[in-house]
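Beneath this line is the structure, given in C-alpha cells, with notes to follow.
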Amino acid sequence: MARAAFGVGLGTLTSRLLGFLRDVLVLHYFSRTATDAFVVAFRLPNLFRRVFGEGALNVAFIPVLTDLLRSEDRREAREFISALFTLLFTVLSAVTLLGIFNSDFLISTLTLGDRGFGQVAGKLELTAQMARIMFGYILLVSLYAFFMGILNTFRIFWLPAVAPALWNISVIVAVLFFRNSFEEPAFALAWATLIGGVAQMVLLIPKLVEIGFFPKIRNWFGNPSVKRVLWAMGPSLIGLSVTQIAIIINTYFASSLS
C-alpha cells in the first residue's frame, strides 16, 4: 500500500507542479478577459468530469469489477467493462454534442449574459467559442477516468496518476509556442485542452491492452453488473452534484464583478 501511495503521490505532485507553472504562464501571457473566459469555459467540462469521471462512476464501478475479478470470472469482467464503456461513451457523446450546439445559451446563462460577461465587449462571445471547442474534453477526460479505474483495480497506480500532467504540458507548450498562431490567442488554450485530454486518455490504452482489459463495444442492456453500478451511483451523484451546483452558483455571481 505504501508503494502504491508513493506512486500516486509522485504522479499527482508532478501534475500539480506543472499545473502551477501552467497557471503562472497563462496569467502572464494572457489578458484578464482571456483568462476569465478560459476558466469559465473549462468549468462545465470539468463539472462533468468530477460527476461522471473520477467521481460517482469510479466509486460505484471499482467495487463491482473487484468482485468479478475475485470470483475469477475474467470473461464476465471483460463483458462488464465493455458494456459499461459502451453506455458511458454513448451518454457522454450525447452530452458533448448538446454542449457544443448549445454553448452560447449555456455560457450566457452561467455568466449573467449582458449583465455579466456581456458588459465587456467580446468577452461573452469568446467564452462561448472556447467552451464549444473544449466540450469534447468531457468525453475524453471521463474515458480517461474510466480507464484509470480499471488500472487501479489491477493495482496499477502511478501511470494513471501522472497522466493528467500531459494536459498541463499541452497547455504550457501552447502558451509558449502557439499563442500567436491564432487570430485570437486564447484559442490556443482551448485547443491545448482538447489535445491534452486526448493525450492523457491515450497514454493508458497500451497498459489496458497489455492486461487484456481494453473495452469493446457491447450491448449493455440487461447486464446485471451495469445495473449494480447505476444503482450504486445514485447517492454519489447527489453528493457530488451539490458541490458542483455550488461552484456554478459562485461562477454566476462572480461573473457580474468588474
Q. Can you check whether Leu166's main-chain N or O pairs, donor with acceptor, with Ser170's side chain at less than 3.5 Å?
A. no
Q. Looking at Leu65 and Ala77, what are the two nearest heavy atoms and their distance?
A. CD1-CB, 4.0 Å
Q.
Hydrophobic clusters here meaning ILVMFWY residues chained together by side-chain heavy-atom distances under 4.5 Å, can you tell me if Leu97 and Val91 are in one?
A. no
Q) Looking only at heavy atoms, which two atoms of Asn168 and Ser15 are closest? And how far apart? A) ND2-O, 2.9 Å
Q) Could you state the interatomic distance from CG (Leu208) to CD1 (Ile150), rounded to the nearest 0.5 Å? A) 5.5 Å
(Q) Please find the pair of heavy atoms, one from Thr193 and one from Trp167, that lie closest to each other, and give the distance. (A) CA-NE1, 3.2 Å
Q. Are Leu189 and Ile169 connected, step by step, through hydrophobic side chains (Ile, Leu, Val, Met, Phe, Trp, Tyr) whose heavy atoms are closer than 4.5 Å?
A. yes
Q. How many angstroms lie between atom CD of Glu79 and atom CD1 of Ile81, to the nearest 0.5 angstrom?
A. 10.5 Å
Q: Decide whether Leu98 and Met130 are clustered together by the hydrophobic rule: side chain heavy atoms of Ile, Leu, Val, Met, Phe, Trp, Tyr closer than 4.5 Å, transitively.
A: no
Q. Counting only heavy atoms not in Phe20, do more than 12 fall under 6.0 Å of its CZ?
A. no
(Q) Walk me through whether Ser103 and Arg132 qualify under side chain to side chain donor-acceptor pair (under 3.5 Å). (A) CA-CA 6 Å; Ser103 59; Arg132 190 173 294 113; 3.1 Å; yes
Q: Start with the C-alpha gap between Met148 and Leu159, add the side-chain angles, then the distance that decides, and say whether side chain to side chain contact (heavy atoms under 4.5 Å, CB included) holds.
A: CA-CA 9 Å; Met148 176 180 69; Leu159 186 65; over 6 Å; no
Q) Can you check whether Arg32's main-chain N or O pairs, donor with acceptor, with Thr35's side chain at less than 3.5 Å? A) yes
Q) From Leu10 CG over to Thr14 OG1, what is the distance, rounded to the nearest 0.5 angstrom? A) 4.5 Å
(Q) Could you measure the distance from the OH atom of Tyr137 to the CZ atom of Phe42? Nearest 0.5 Å is fine. (A) 4.5 Å
Q. Side chain to side chain contact (heavy atoms under 4.5 Å, CB included) between Phe146 and Leu84: does it pass, once the steps are laid out?
A. CA-CA 9 Å; Phe146 178 65; Leu84 189 58; 3.7 Å; yes
Q.
Please determine whether residues Ile248 and Leu106 belong to a single hydrophobic cluster, defined as Ile, Leu, Val, Met, Phe, Trp and Tyr linked transitively by side-chain heavy-atom distances below 4.5 Å.
A. yes
Q | Nearest atoms (heavy-atom pairs only) where Ile107 meets Thr111 | A | O-OG1, 2.7 Å
Q. Can the ring centres of Phe30 and Phe38 be said to be less than 6.0 Å apart?
A. no
Q) If only atom types and distance count, is the side chain of Thr12 paired as donor or acceptor with the main-chain N or O of Gly9 below 3.5 Å? A) no
(Q) For Thr90, give me all partners under side-chain contact (heavy atoms from CB on, under 4.5 Å), at least two apart in sequence or on another chain. (A) Thr86
Q | Expected output: side-chain Tyr144 to main-chain Val202 donor-acceptor under 3.5 Å | A | no
Q) What do the steps show when you test Phe213 against Arg74 for side chain to side chain contact (heavy atoms under 4.5 Å, CB included), and what is the final call? A) CA-CA 9 Å; Phe213 275 82; Arg74 295 176 74 87; 3.3 Å; yes
Q: Find the distance between NE2 (His28) and CG (Asp23) and round it off to the nearest 0.5 Å.
A: 14.5 Å
**Q.** ILVMFWY network linking Val175 to Leu17, side-chain heavy atoms under 4.5 angstrom
**A.** no
Q) What are the two closest non-hydrogen atoms of Ala83 and Val226, and how far apart are they? A) CB-CG2, 3.8 Å
For a quick test of your reading: what N or O donor-acceptor pairs under 3.5 Å do the side chains of residues 115-125 make, sequence neighbours left out?
unit_1 : atom_1 : unit_2 : atom_2 : d
Gln119 : NE2    : Arg115 : O      : 2.6
Gln119 : NE2    : Gly116 : O      : 3.3
Lys123 : NZ     : Asp36  : OD2    : 2.7

Q. Can Val171 and Leu18 be said to form a side chain to side chain contact (heavy atoms under 4.5 Å, CB included), step by step?
A. CA-CA 10 Å; Val171 176; Leu18 288 169; over 6 Å; no
Q: Using modelled atom types only, decide if a donor and an acceptor are shared between the side chain of Ser256 and the backbone of Phe253 within a distance under 3.5 Å.
A: yes
Q: Could you tell me whether a side-chain N or O of Ser71 sits under 3.5 Å from a main-chain N or O of Leu68, the two making a donor and an acceptor?
A: yes
Q: Calculate, to the nearest 0.5 Å, the distance between atoms OG and CG belonging to Ser82 and Asn223 respectively.
A: 10.0 Å
Q: Would you confirm whether the ring centroid of Trp231 sits within less than 6.0 angstrom of the ring centroid of Phe61?
A: no
Q. Is the Lys NZ or Arg CZ of Arg179 less than 6.0 Å from the centre of Tyr29's six-membered ring, within 45° of the axis?
A. yes
Q) Any side-chain heavy atom of Leu139 within less than 4.5 Å of one from Phe89? A) yes
**Q.** Minimal non-hydrogen separation, Leu194 against Leu140, with atom names
**A.** O-CD1, 3.6 Å
Q.
Check whether Phe85 forms a cation-pi arrangement with Arg218 (NZ or CZ under 6.0 Å from the six-membered ring centre, at most 45° off the ring normal).
A. no
**Q.** Phe147 side chain near Pro215 side chain, heavy-atom distance below 4.5 Å
**A.** yes
Q: Determine yes or no for a side-chain-to-main-chain donor-acceptor pair under 3.5 angstrom, with Asn152 supplying the side chain and Ile156 the backbone.
A: yes
Q) Is it the case that more than 12 heavy atoms not belonging to Phe6 sit under 6.0 Å from its CZ atom? A) no
Q. Does atom CZ of Phe214 have more than 12 heavy-atom neighbours, drawn from other residues, nucleotides or ligands, at distances under 6.0 Å?
A. yes
